[in-house]
There are 2 protein chains.
Amino acid sequence: MADRLAPVCEAIARLLSPHAEVVLHDPATDSVLAIWNPLSKRTVGDPSLLGELDELTPVGTDVYGPYPKSLPDGRRLSSVSAVIRDGEGRPEAVLCVNVDRSAFDAAARILAAFAAPATAQPAALFAGDWTERLNETVADFVRDKGATLDGLSKSDRVELVAELDAAGVFDQRRSVPTVARAMGLSRSAVYQLLALSRKEPADADPA
Amino acid sequence: MADRLAPVCEAIARLLSPHAEVVLHDPATDSVLAIWNPLSKRTVGDPSLLGELDELTPVGTDVYGPYPKSLPDGRRLSSVSAVIRDGEGRPEAVLCVNVDRSAFDAAARILAAFAAPATAQPAALFAGDWTERLNETVADFVRDKGATLDGLSKSDRVELVAELDAAGVFDQRRSVPTVARAMGLSRSAVYQLLALSRKEPADADPA
DNA sequence: ATCCGCCGTGGACAAATTGTCCACGGCGGA
DNA sequence: TCCGCCGTGGACAATTTGTCCACGGCGGAT
């Protein structure tokens, strides 16, 4: 089957080149079956890191995303995935397309900046629903750490709180209780983590 | 002098057409001397509404902006202005270029949306510098009303506060004192306006 | 098994902020 | 001149924020 998918993958890769890579995964071994136009350095046989899909809401049958990802060098990607099943409904392959957004981001920035400092009337962007963004941020962090909420280590928590702090979350009214709820902690625990994170800049383990 | 400026104005208008208008104002009578490629419906002789310039920080000698403005139909503009002086330093004319940003905005939105719901890592967008956005919002409002800060009517103030409220500004910690400063009012005045604005949805003058 | 240290919990409290109220003074119109 | 409206500043109550600490659970070392 993977063979029959190959032309499709290559076609997509060519269409979007050089801004996208196409990866075919083997869900059984959780490894890369084939890759076209790699952006990341992965090659055939590398682990897939596909567990992530479990977390995501499929938008339709076996279709996931688009969802954001990042390359180690900081470039941002938009990704979609599709599960290919055999005649009996068993997953046979997972096809992922990762588009490098940086070129589009740059162009958008150029256009958006055209003769304009402009914030204008969309004042409605001040707060939006910061509570949702908070949850997202926490969820992302947890996912990145590959753990669950209560499986986080202390230093993980400090790190997360530091991130939220840097993001200005705590300038929001009533944020501490909300963060506490989002992290599944007590209010005081959050204050304690916050104190820690503000004490030591960004160390891992002091000797 | 205005005559000698005409070719310049027309050239600029043609270069940017159909996305920009060029207006030549007479600061003495505060009216429109000439206009090329009008976006607004102003014609020669109309009042200029130029007092606004006093409020803005010039970026260089007699050069203002770019600053955002809006057309009655909602299109957003980016504007720059320049003061032309005679041999003795008296203002002789004011040249304004207003670029219709809507096309650029649209293009930017398309690019920005490319394959992306993306919240990604820019968590740093939570608060940004809401204080600056606050000032901008206030300044925009004042400019739109064509008045100065202390020239606002009571209902204007209520309206502005309502806008800020809707924008979620007051969910920000310590926002009331800051808003008070930005509006040149006392803290209690802001609370009073806020109470009013929350009482009546959006009426002008109840019978 | 027991002890110890780490960590989070909850609650008590002090400090700060937020929201209300009101008397006073300026200002414009009848 | 008198009146009504409006903002000011300050007093105060209500809430929220931040700190502290004793208690209890849990895992590792003894």
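Bear in mind the structure is a predicted one, so any value in this text is a computation, not a measurement. The chains referred to below are lettered A, B, ... by the order of the sequence lines, with proteins before strands, and numbering in each begins at 1.
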Could you give the distance from CG (B:L164) to CG (B:L160), rounded to the nearest 0.5 Å? 4.5 Å
Whichever of A:L193 and B:F170 has the more 5' nearest nucleotide on DNA chain C, that residue is A:L193
Residues touching DNA chain C, which here means a heavy atom under 4.0 Å, drawn from residues 177-189 of chain B: B:P177, B:R187, B:S188
Does a side-chain heavy-atom distance below 4.5 Å link B:H25 with B:V23? yes
Measuring from A:E159:CD to A:S197:OG, what's the distance to the nearest 0.5 Å? 10.5 Å
How long is the straight-line distance from CZ of B:R157 back to CZ of B:F141, given to the nearest 0.5 Å? 10.5 Å
Taking only distance into account, with no hydrogens and no angle test, what donor-acceptor pairs under 3.5 Å do side-chain atoms of residues 185-193 of chain B form with protein atoms, sequence neighbours excluded?
unit_1 : atom_1 : unit_2 : atom_2 : d
B:S186 : OG     : B:S188 : OG     : 3.4
B:S186 : OG     : B:A189 : N      : 3.2

Rounded to whole Å, OH of A:Y191 lies from P of D:dG18 at a distance of 4 Å
A:V161/A:M183 under side-chain contact (heavy atoms from CB on, under 4.5 Å): CA gap, chis, key distance, verdict: CA-CA 9 Å; A:V161 167; A:M183 290 182 64; 4.0 Å; yes
Is it true that a side-chain atom of A:D165 and a backbone atom of A:A162 form a donor plus acceptor pair closer than 3.5 Å? no
Round to the nearest Å and state the distance from A:D165 atom CG to D:dT17 atom P. 15 Å
Under a 4.0 Å heavy-atom criterion, DNA chain C is touched by chain A from C:dC7 to C:dG19
Is a side-chain N or O of A:S175 found less than 3.5 angstrom from the main chain of A:D171, in a donor-acceptor match? no
Are B:Q172 and B:T178 packed together at the side-chain level, in the sense that at least one heavy-atom pair is separated by less than 4.5 angstrom? no
Strand DNA chain D as a dot-bracket string - pairs counted if Watson-Crick or G-U with both distances under 3.5 Å, | where the partner lies in another strand: ||||||||||||||||||||||||||||||
What I want to check is whether the side chains of B:E21 and B:N37 have a donor and an acceptor closer together than 3.5 Å. no
